[in-house]
Amino acid sequence: MNHLLKFPVLASRAFSSSARQLKNKVPEAQKIFQEDNGLPVHIKGGTGDMLLYRATMTLTLTGTCYSLYWLLYASMPQKKA
């Protein structure tokens, strides 16, 4: 029963902004992405960004080709048995 009485206090601490201070990483990321090194934006973020970009492009091209295949298939007259 005692742990139920402490729950509101614990819940307010968990969502309190003074309970933990997070470091602002935005200025560091801005320096990386605004640096003029000739790289496209989708490569400046590192390996994770390159993998995500390639996976997205692969899925996009695969989906486009698959859609065009079925569009072509639907446009052809069906053989009658």
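Nothing fancy with the numbering, it's 1 onward along the sequence.
- By the criterion of side-chain heavy atoms lying less than 4.5 angstrom apart, applied directly or through intervening Ile, Leu, Val, Met, Phe, Trp or Tyr residues, I43 is not grouped with L52; the two fall into different hydrophobic clusters.
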- Task: Please step through side chain to side chain contact (heavy atoms under 4.5 Å, CB included) for the pair H42 and D49, ending with a clear verdict.
- Result: CA-CA 6 Å; H42 64 272; D49 280 352; 5.8 Å; no
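- A search for ring-ring contact (aromatic ring centres under 6.0 Å, His included) contacts involving Y69 returns nothing, not counting sequence neighbours.
- Of the inter-residue distances, the one linking R54 atom CZ with L59 atom CG reads 14.5 Å to the nearest 0.5 angstrom.
- In this structure, OG1 on T56 lies 11.0 Å from CG on L61, to the nearest 0.5 angstrom.
- Not counting sequence neighbours, the partners of E28 by the salt bridge (Lys or Arg N to Asp or Glu O under 4.0 Å) test are K23.
- K44 NZ to Q34 CD: the interatomic distance, rounded to the nearest 0.5 Å, is 8.5 Å.
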- Going through the checks in order, is the side chain to side chain contact (heavy atoms under 4.5 Å, CB included) test met by S75 and L72? CA-CA 5 Å; S75 68; L72 181 68; 4.1 Å; yes
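- Of the possible polar contacts, none joining the K31 side chain to the V26 backbone as a donor-acceptor pair under 3.5 Å is found.
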